[in-house]
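So the structure is just underneath, and the comments pick up after that.
Order of listing sets the numbers, starting from 1, for every ligand and every atom in it.
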Amino acid sequence: MDNVTAVDRSAALGIFDSGVGGLTVLKEVLKILPFENCVYFGDVGRTPYGGRSKDIITQFTRQDVAFLMEQKVKFIVCACNTASSVALEDIRDDYPVAMVGVIEPGARAAAQRTKKGRIGIIGTHATVNSNAYARYIHEIDPKLKVFSLACPLFVPLAEEGYIDKEATYLIARDYLQTMRDVDIDTLVLGCTHYPLLKHVIGDVMGDEVLLIDSGEETARAARDVLSETNILNPGASQTPCPEGERRFFVSDVPEKFGGVASRFLGQEVSRITRVDISRY
Ligand code: DGL
């Protein structure tokens with residue numbers, strides 16, 4: 001559905017994820033759109049989505065979007081690679097706000113930057129099985145070779161803060177050997193958690209492999225859409241530009257949430273409200 005009615009430019013951006021991982025995308029959004037008000041929803045109570053079926057991921061994604069719609073957001077960023085690859089295309093036309101997912105921006109960046117035409121994608125099982133990254137890449141250039149690999153253990157490692165541990169290197173070396181064998185020059189970090197392990201993945205893959213952070217690319221894509229459709233927050237044109245308000249909503253508040261969330265966002269996460277997502 002098109003944005004047919006006038007959009008309130010001061011309204012917040014809605015950003016959602018299956019849990020805490022989408023805060024890595026929010027971090028990138030805040031770097032280039034600091035003046036925007038943001039509402040983040042993390043489905044912490046039902047995370048992870050990555051091993052679930054298409055039906056369930058689609059149902060959860062609809063509920064996440066319905067919650068954000070109730071917050072009267074002007075634009076939605078689906079920060080979750082799993083939801084973006086499995087559900088977003090099926091549901092986006094059912095809502096009266098524009099949405100951007102993480103797959104298309106990451107795929108576009110990889111297709112543009114590869115020199116050898118050999119691209120690797122790592123993500124959850126659902127993201128890899130959906131083949132969504134490869135589809136977008138082949139729409140841009142059918143000749144590009146795409147190799148996909150699920151690396152599910154990276155999610156709990158990132159959440160547990162296993163960033164610099166030998167165990168993480170061991171798992172990364174084991175997972176990524178197949179990517180090394182197929183001689184890629186570009187690797188898409190196709191999961192919200194992987195930017196936290198960027199240096200481990202980079203060390204294992206070597207300097208000659210370019211890592212694409214889908215979150216960074218998505219933040220740029222969001223800025224482009226807001227600017228092209230003229231719905232940037234009016235604060236964008238003020239100097240100095242005022243900082244937007246951030247609100248955080250989650251479907252459960254596990255004991256460790258605050259600490260993990262602050263590490264993913266790179267700053268303190270406060271004002272966390274619990275939501276009963278089953279109502280949506
Ligand atoms: N946020 C998910 C993604 O980017 C990872 C965690 C999960 O499996 O829910 O795919």
Exercise. Is the NZ or CZ atom of R46 both under 6.0 Å from the centre of the six-membered ring of F60 and within 45° of that ring's axis?
Worked result: yes
For this session: Decide if atom CD of E268 counts as having more than 12 heavy atoms of other residues, nucleotides or ligands within a radius under 6.0 Å.
Result: no
Exercise. How does V102 reach ligand 1, if at all, at less than 4.0 Å between non-hydrogen atoms: by side chain, backbone, both, or neither?
Worked result: neither
For this session: Mark up the atoms of ligand 1 that fall under 4.0 Å of a heavy atom belonging to S18, in ascending order.
Result: 1 (N), 2 (C), 6 (C), 7 (C), 9 (O)
Seminar exercise, completed: In this structure, atom 8 (O) of ligand 1 is nearest to the protein heavy atom G50 N, 2.8 Å
Exercise. Counting heavy atoms only, which of V25, T24, T192, V128 is nearest atom 4 (O) of ligand 1?
Worked result: T192
Exercise. Rounded to the nearest 0.5 Å, how far apart are CZ of R223 and NZ of K31?
Worked result: 12.5 Å
For this session: Look at the rings of F248 and Y40 and say which category their plane angle falls in: under 30° parallel, 30 to 60° tilted, over 60° perpendicular.
Result: tilted
Problem set entry | Close-contact set for ligand 1 against Y49 heavy atoms, below 4.0 Å | 7 (C), 8 (O), 9 (O)
Seminar exercise, completed: The protein heavy atom nearest to atom 5 (C) of ligand 1 is C191 SG, 3.6 Å
Problem set entry | Under-4.0 Å heavy-atom contact with ligand 1, by part of T82 that carries it | both
Seminar exercise, completed: Note: ligand 1 atoms sitting under 4.0 Å from heavy atoms of T47 are 9 (O)
For this session: Kindly say whether the aromatic ring centers of F154 and Y175 come within a distance under 6.0 Å.
Result: yes
Exercise. What atoms of ligand 1 come within less than 4.0 Å of a heavy atom belonging to D17?
Worked result: 1 (N)
For this session: State whether a side-chain donor-acceptor pair under 3.5 Å links S278 with D276.
Result: yes
For this session: Check ligand 1 against N81 and write out every atom of the ligand that is under 4.0 Å from a heavy-atom position of the residue.
Result: 3 (C), 4 (O), 10 (O)
For this session: Determine, using the 4.5 Å side-chain heavy-atom cutoff (strictly less than), whether I122 and V128 are members of one ILVMFWY cluster.
Result: no
Problem set entry | Atom NZ of K165 with >12 non-hydrogen neighbours under 6.0 angstrom | no
Exercise. Hey, does G19 sit under 4.0 Å from ligand 1 if you only count heavy atoms?
Worked result: no
Exercise. Can you tell which part of T124 has a heavy atom less than 4.0 Å from ligand 1: side chain, backbone, both or neither?
Worked result: side chain
